[in-house]
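Notes to accompany the following structure.
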There are 2 protein chains.
Amino acid sequence: MIAHMSRPATHRATLDDVARAAGVSRSTASRVIAGYGPASAATRDRVVEAAGQLGYAPNPAARALVTGTGFRLVVAVVGATPDVLHDPYVDRVVSTAASMCAPHDVGVSLRWLSLNAPSDLYAMASDPSVHSVLLVNTTQAVLDAVPARLLGRVVSIGVGSPQVPGFDVDNGGAAAATLAHLYDSGRRRIAMVTGPQWMPCTHRPVESYLAAMRAAGLPARSVEGDFTVASGRTGMAEVLHRWPDTDAVFAGSDAMALGALAVLRERGVDVPGDIAVAGFDDVPFAALSAPALTTATHPVEEIAAGAVTALMAGSRVPPATAYASRLVLRESA
Amino acid sequence: MIAHMSRPATHRATLDDVARAAGVSRSTASRVIAGYGPASAATRDRVVEAAGQLGYAPNPAARALVTGTGFRLVVAVVGATPDVLHDPYVDRVVSTAASMCAPHDVGVSLRWLSLNAPSDLYAMASDPSVHSVLLVNTTQAVLDAVPARLLGRVVSIGVGSPQVPGFDVDNGGAAAATLAHLYDSGRRRIAMVTGPQWMPCTHRPVESYLAAMRAAGLPARSVEGDFTVASGRTGMAEVLHRWPDTDAVFAGSDAMALGALAVLRERGVDVPGDIAVAGFDDVPFAALSAPALTTATHPVEEIAAGAVTALMAGSRVPPATAYASRLVLRESA
DNA sequence: CTGTTAGCGCCTTCAA
DNA sequence: TTGAAGGCGCTAACAG
């Protein structure tokens, strides 16, 4: 009858409180809450009930401390310089992760990973606050450098490896579909402005392009860009310079396609009359350009969600998951 | 001489290790590491040296457990529905926070806060994993509902209150500058497509608009939008319908301005010849539209950085900080 | 199936 | 200025 009142009114229910209320030991309460070990249906109910009554929620810090499990999902973007962090795609990945991890009491950190990453990866591997790592735009070298202690809690958005599951859009298929459309609408002198060679995500679209040209008996005309608007401009200019009779341009990103469109507009070239332009990504503004950009979708949020789900579940997943891209026909091609 | 080797080679240095190496007690080591209590210069050096040698880094979980300090910065976006989370601005805020908090071992969570928020805010206040809260797009009602236990670790991007520091762009000033430019270039029948009334960030630009019109002895022509491209289109259409002689439109966001531009293009209206269009935000695509959009900058990353810095420092900051906006003159106005 | 015991790594009174 | 001791909330062996 004599309540102690030793705790302030704002006290947050602790496992001890739940155990006491349910008339069991802390361990037992812990087991049913964590969902682990054995427990009779009766006790289970009592504990659950008590927990509900008290509005109990486990303290993640305490749990992390004892289990060694971390509480931060680190989004590690691979690149030559930290500038790679300033990118709308990265933002979308981080945002998706931050909202999906919230219910698990896991926060998200964003950092740059230099191309010669090993030391940083090892630091993450032994950092007790790190729950898991989401690699973005990674390379084979980085994948190979992933320490054993990190395996099972690393996934990649982009290329994967036997050890590190990869989640990516089917950009090879997207490129093929786009090129097929260009070909089917009568284009025969098709150029491509590619992404940077060092990025693995550039390879498949380029291969698709080369394969399509070869299959059609057409010469390849490709120019390297870096996914930016500026490189789309210079790339387009170079294409016009080297192959003046070009009648279609496939850009590896919408940003580059928009840059190309700008150059064409400045020079009074009719799109798609004289030259068709297609991009890749379907960014929000693709629908607003003049002419509206034909492009293929890139379901970044979906991909990120898949990767994060795998990380939170901690379960084994297939080494590679490809997300479908859909061709969106607008005015430019 | 007899080393125990009781710990695996991969063992991470602990405070105990540091203390032992420095020949002091844990408490002493703790004090100098945390930078708190007293310590003689000599011991301080020894501890620091030992920590460096061992590559010691405190375990945030242990620290959080004992201090009650959380380890997640929660970005809480206020709105009618969870859809408010899918927004490029939110993405940029989250991303900035995620990269700034990383060095502090603090992760970022993203969540929606309904307009009648009190219960959620209280939950956050007593959640031991929550380090601090960054309110986005908040309202006065939400600000008033912030629990006392959260004060000192909440800031707002947008409106603030005496209790909750606000960080925002000077959108009133931006609107004034834009309208001045419109007026100075001879426009006299200037309409505005505003943001939604319920959003506090809509108020100042609207006030600036009304003030400018009043000062110039011009009638106000305003239509309500919701910051989206679609509402820019309908808003523009409505303006043309109600005031066919309009010669300039000021949109509260670039997205709306771009929507307006699309309508004008479809109807063959010359921009800026017949109607000048100005936006606000200076999104990346603003430079690429045809005609290129005249708009005012919105330094989202800077604002977010300011807010996050305040949160991480935990120190008192002025109740309101306004970030300057700069008018970017392009072709549309 | 359940309770007891022993920490996880750190901070923080308290004495010395 | 320093050290000893206790405990934050939880899980994970162990006994029973």
Side-chain angles (χ1 to χ4, degrees), chain A residues 6-8 10-48 50-51 54-71 104-105 126-131, chain B residues 6-8 10-48 50-51 54-71 104-105 126-131:
Chain A
S6 59
R7 314 208 179 234
T10 81
H11 174 67
R12 199 168 191 255
T14 187
L15 193 55
D16 248 332
D17 299 330
V18 174
R20 209 171 306 135
V24 299
S25 75
R26 250 211 327 271
S27 336
T28 305
S30 174
R31 283 185 212 110
V32 353
I33 296 291
Y36 268 138
S40 74
T43 33
R44 188 178 303 279
D45 289 349
R46 295 227 306 287
V47 171
V48 170
L54 276 61
Y56 172 76
N59 181 327
R63 184 175 275 180
L65 178 56
V66 67
T67 60
T69 310
F71 50 81
H104 301 276
D105 291 342
S126 61
D127 183 334
S129 75
V130 172
H131 173 275
Chain B
S6 60
R7 314 207 178 234
T10 80
H11 174 67
R12 201 169 191 255
T14 187
L15 194 54
D16 246 331
D17 300 329
V18 174
R20 210 169 308 135
V24 299
S25 74
R26 255 209 323 273
S27 336
T28 306
S30 174
R31 283 184 211 109
V32 352
I33 296 292
Y36 270 137
S40 74
T43 35
R44 186 178 305 277
D45 289 349
R46 293 228 306 289
V47 171
V48 169
L54 276 61
Y56 172 76
N59 181 326
R63 183 174 275 180
L65 178 57
V66 65
T67 61
T69 311
F71 51 81
H104 300 275
D105 292 342
S126 61
D127 183 334
S129 74
V130 172
H131 173 275

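Side-chain atoms are counted along with the backbone in the values below, which use heavy atoms only and exclude waters and symmetry mates.
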- prompt: Thr67(A) side chain: which of dC11(C), dC10(D), dA12(D) is closest?
  reply: dA12(D)
query: Rounded to the nearest Å, what distance is computed from the CG atom of residue Leu65(B) to the P atom of nucleotide dC10(C)?
result: 12 Å
- line: Checking dA4(D), dC10(D), dA12(D) against the side chain of Ser25(B) (C-beta onward), the nearest is dA4(D)
- request: Return the value, rounded to whole Å, for the distance between atom CZ of Phe71(B) and atom P of dG9(C).
  value: 17 Å
query: Just checking Pro128(B): base, sugar-phosphate only, or nothing, at a heavy-atom cut-off of under 4.0 Å?
result: nothing
Under-3.5 Å donor-acceptor pair between Arg31(A) side chain and dG3(C) base: yes
statement: Here the distance between atom C1' of dG9(D) and atom OH of Tyr56(A), to the nearest Å, is 7 Å
Whole-Å gap separating C1' (dG9(C)) and CG (Asp105(B)): 14 Å
field: Between CG on residue Leu65(A) and CZ on residue Arg63(B), distance to nearest 0.5 Å
entry: 13.0 Å
- prompt: Closest heavy-atom contact between Tyr56(B) and Thr14(B)?
  reply: CE1-C, 3.5 Å
task: Could you check which of dT12(C), dC10(C), dG7(C) has an atom nearest any side-chain atom of Arg26(B)?
output: dC10(C)
query: With side chains defined as the heavy atoms from C-beta onward, is the minimum distance between Val32(A) and Val48(A) less than 4.5 Å?
result: yes
- request: Could you tell me the separation between the CG atom of Leu15(A) and the P atom of dG7(C), rounded to a whole number of Å?
  value: 20 Å
message: Measuring to OP1 and OP2 of dC10(D), would you say a side-chain N or O of Thr14(A) lies under 4.0 angstrom away?
response: yes
- request: Look at the side-chain N and O atoms of Thr28(A) and state whether any lies under 4.0 Å from the OP1 or OP2 oxygen of dC1(C).
  value: no
field: Protein-nucleotide distance (Asp16(A), atom CG; dT5(C), atom C1'), rounded to Å
entry: 14 Å
task: Remember a base hit wins even if backbone is also touched, and classify Ser30(B) as base, sugar-phosphate or nothing at under 4.0 Å, heavy atoms.
output: base
- line: Of dC10(D), dT2(D), dG7(D), the nucleotide closest to the side chain of Arg63(A) is dC10(D)
message: On DNA chain D, compare the nucleotides closest to Ala62(B) and Ala39(B); which residue's is nearer the 5' end?
response: Ala39(B)
query: Of all the choices, dT12(C), dG9(D), dC10(C), which nucleotide is nearest to the side chain of Asn59(A) once you look at every atom?
result: dG9(D)
message: How close do Val18(A) and Leu54(A) get, counting heavy atoms only, and between which atoms?
response: N-CD2, 4.0 Å
task: Would you give the length of the straight line joining atom CG of Asp17(A) to atom CZ of Arg12(A), rounded to the nearest 0.5 angstrom?
output: 11.5 Å
query: Do Ser27(A) side-chain and dT4(C) base share a donor-acceptor contact under 3.5 Å?
result: yes
- prompt: Please give, in whole Å, the distance from dC8(D) P to Asp17(A) CG?
  reply: 11 Å
task: Would you indicate what Ser40(B) reaches in the nucleic acid, counting non-hydrogen atoms under 4.0 angstrom: base, sugar-phosphate, or nothing?
output: sugar-phosphate
